Amino acid sequence: MVKPAIQFSIDHSNGVPYYKQIILQVELAIADSRLQSGDQLPTVRSLAVELQINPNTVAKAYHQLELRGIVNTQQGTGTFISNRTIPVSDIEKERILAEICQSTVSKAGAYGFSIPDIIDQLQEMNTKEDLA
């Protein structure tokens with residue numbers, strides 16, 4: 001089974017609008033080559049269902065990406081990554097990862113889990129992924 005190039009997710013607690021989270025995930029996936037020119041994004045409807053958000057939110061993200069020249073939408077065919085490159089600095093990537101980690105630690109802590117518990121779970125997930 002082929003893994004999708006990008007697995008979208010929405011953080012409902014960080015205050016960043018959902019459409020901006022989608023845009024950032026697409027930009028980072030292009031910057032680190034998980035998405036490349038010509039790759040097709042999920043349909044508006046399928047991504048909205050997957051993320052359990054309003055289709056208008058996904059449509060807004062896709063429209064903003066198109067205005068920036070990052071994607072091209074072909075009516076009836078889909079939305080595709082353009083040939084535009086997206087530079088994302090290592091500092092920006094580190095900042096985003098730090099935000100994700102802080103959110104995860106906060107959520108886990110609310111359920112009584114410690115950072116070592118999180119690390120153990122991540123290592124187990126990594127091992128399972130390596131076996132797949």
Side-chain angles (χ1 to χ4, degrees):
M1 181 173 153
V2 176
K3 278 185 176 179
I6 180 173
Q7 181 66 45
F8 289 94
S9 66
I10 293 294
D11 184 344
H12 300 282
S13 64
N14 75 358
V16 176
Y18 299 159
Y19 80 96
K20 287 186 178 181
Q21 291 183 45
I22 293 169
I23 291 168
L24 182 58
Q25 289 173 56
V26 169
E27 289 176 340
L28 287 174
I30 292 169
D32 68 14
S33 299
R34 286 178 290 139
L35 285 175
Q36 298 179 355
S37 179
D39 286 348
Q40 186 172 9
L41 293 178
T43 65
V44 167
R45 185 176 309 276
S46 68
L47 186 56
V49 168
E50 177 186 332
L51 297 176
Q52 299 180 344
I53 61 175
N54 190 308
N56 291 335
T57 302
V58 177
K60 182 175 183 176
Y62 282 14
H63 180 69
Q64 290 290 320
L65 287 164
E66 188 165 22
L67 289 176
R68 295 181 192 177
I70 296 169
V71 300
N72 298 309
T73 300
Q74 300 169 7
Q75 195 66 26
T77 306
T79 303
F80 299 87
I81 302 299
S82 72
N83 59 1
R84 184 162 180 234
T85 58
I86 306 291
V88 178
S89 72
D90 289 341
I91 293 170
E92 180 67 5
K93 286 182 177 180
E94 189 173 316
R95 184 193 63 76
I96 292 166
L97 183 57
E99 284 180 14
I100 292 167
C101 290
Q102 183 59 50
S103 174
T104 300
V105 168
S106 294
K107 287 178 185 177
Y111 288 97
F113 295 105
S114 66
I115 291 176
D117 293 333
I118 296 168
I119 292 170
D120 290 345
Q121 181 63 34
L122 289 171
Q123 288 172 335
E124 184 177 319
M125 290 170 64
N126 191 45
T127 300
K128 287 180 183 176
E129 190 174 289
D130 288 344
L131 296 176

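In this chain, numbering begins with 1 at the start of the sequence shown. Being a predicted model, the structure only gives us computed values, none of them experimental.
Using modelled atom types, no side-chain atom of Gln64 and backbone atom of Ile23 make a donor-acceptor pair closer than 3.5 Å. Ser103 places no side-chain N or O within 3.5 Å of a backbone atom of Ile100 that could act as its donor or acceptor partner. Using modelled atom types, no side-chain atom of Glu66 and backbone atom of Ala61 make a donor-acceptor pair closer than 3.5 Å. A side-chain donor-acceptor contact under 3.5 Å links Gln25 to the backbone of Ser9.
Atom CG of Leu41 and atom OH of Tyr62 lie 4.5 Å apart (nearest 0.5 Å). How far CG of Asn83 is from CD1 of Ile30: 10.5 Å, rounded to the nearest 0.5 Å. In this structure, Gln36 CD and Asp39 CG are separated by 6.0 Å, a value rounded to the nearest 0.5 Å. The line from CD1 of Ile70 to CG of Leu35 is 11.0 Å long, rounded to the nearest 0.5 Å.
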### Evaluation steps, side-chain contact (heavy atoms from CB on, under 4.5 Å), between Asn72 and Thr79
CA-CA 6 Å; Asn72 298 309; Thr79 303; over 6 Å; no
### Task
Determine, stepwise, if the pair Tyr18 / Lys60 fulfils side-chain contact (heavy atoms from CB on, under 4.5 Å).
CA-CA 10 Å; Tyr18 299 159; Lys60 182 175 183 176; over 6 Å; no
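Under a cut-off of 6.0 angstrom, the local environment of CD1 in Ile91 is sparse, with at most 12 non-hydrogen atoms contributed by other residues, nucleotides or ligands. Other residues, nucleotides and ligands contribute over 12 non-hydrogen atoms within 6.0 Å of the CZ atom of Arg68. No more than 12 heavy-atom neighbours from other residues, nucleotides or ligands sit within 6.0 angstrom of NZ on Lys20. Summarising the local packing, CZ of Phe8 is surrounded by more than 12 heavy atoms from other residues, nucleotides or ligands at distances under 6.0 Å.
The shortest heavy-atom contact between Leu28 and Arg34 is C-NH2, 3.8 Å.
Note on Ile96: it clusters hydrophobically with Leu65, by side-chain heavy-atom contacts below 4.5 Å among ILVMFWY residues. A chain of hydrophobic side-chain contacts below 4.5 Å, direct or via other Ile, Leu, Val, Met, Phe, Trp or Tyr residues, connects Leu24 to Ile22. Hydrophobic clustering (ILVMFWY, side-chain heavy atoms < 4.5 Å, transitive): Leu47 and Phe80 are in distinct clusters.
Counting only heavy atoms from C-beta outward, the side chains of Gln40 and Ile81 never approach each other to under 4.5 Å. Between Asp11 and Lys107, some side-chain heavy-atom pair lies under the 4.5 Å cut-off.
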For a quick test of your reading: what N or O donor-acceptor pairs under 3.5 Å do the side chains of residues 116-126 make, sequence neighbours left out?
from, atom 1, to, atom 2, distance (Å)
Asp117, OD2, Ser114, N, 2.9
Asp117, OD2, Ser114, OG, 3.2
Glu124, OE2, Lys128, NZ, 3.3

Please list, one pair per line, the donor and acceptor atoms closer than 3.5 Å that link side chains of residues 48-59 to other protein atoms, with sequence neighbours excluded.
from, atom 1, to, atom 2, distance (Å)
Glu50, OE2, Gln7, NE2, 3.0
Asn54, OD1, Asn56, N, 2.7

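Ser106 and Gln102 share a donor-acceptor pair across their side chains, judged by distance under 3.5 Å alone.
Taking the centre of each ring, His63 and Tyr19 stay at or above the 6.0 Å mark.
Within the structure, salt bridge (Lys or Arg N to Asp or Glu O under 4.0 Å) pairs that include any residue of residues 75-90 do not occur (at least two apart or interchain).
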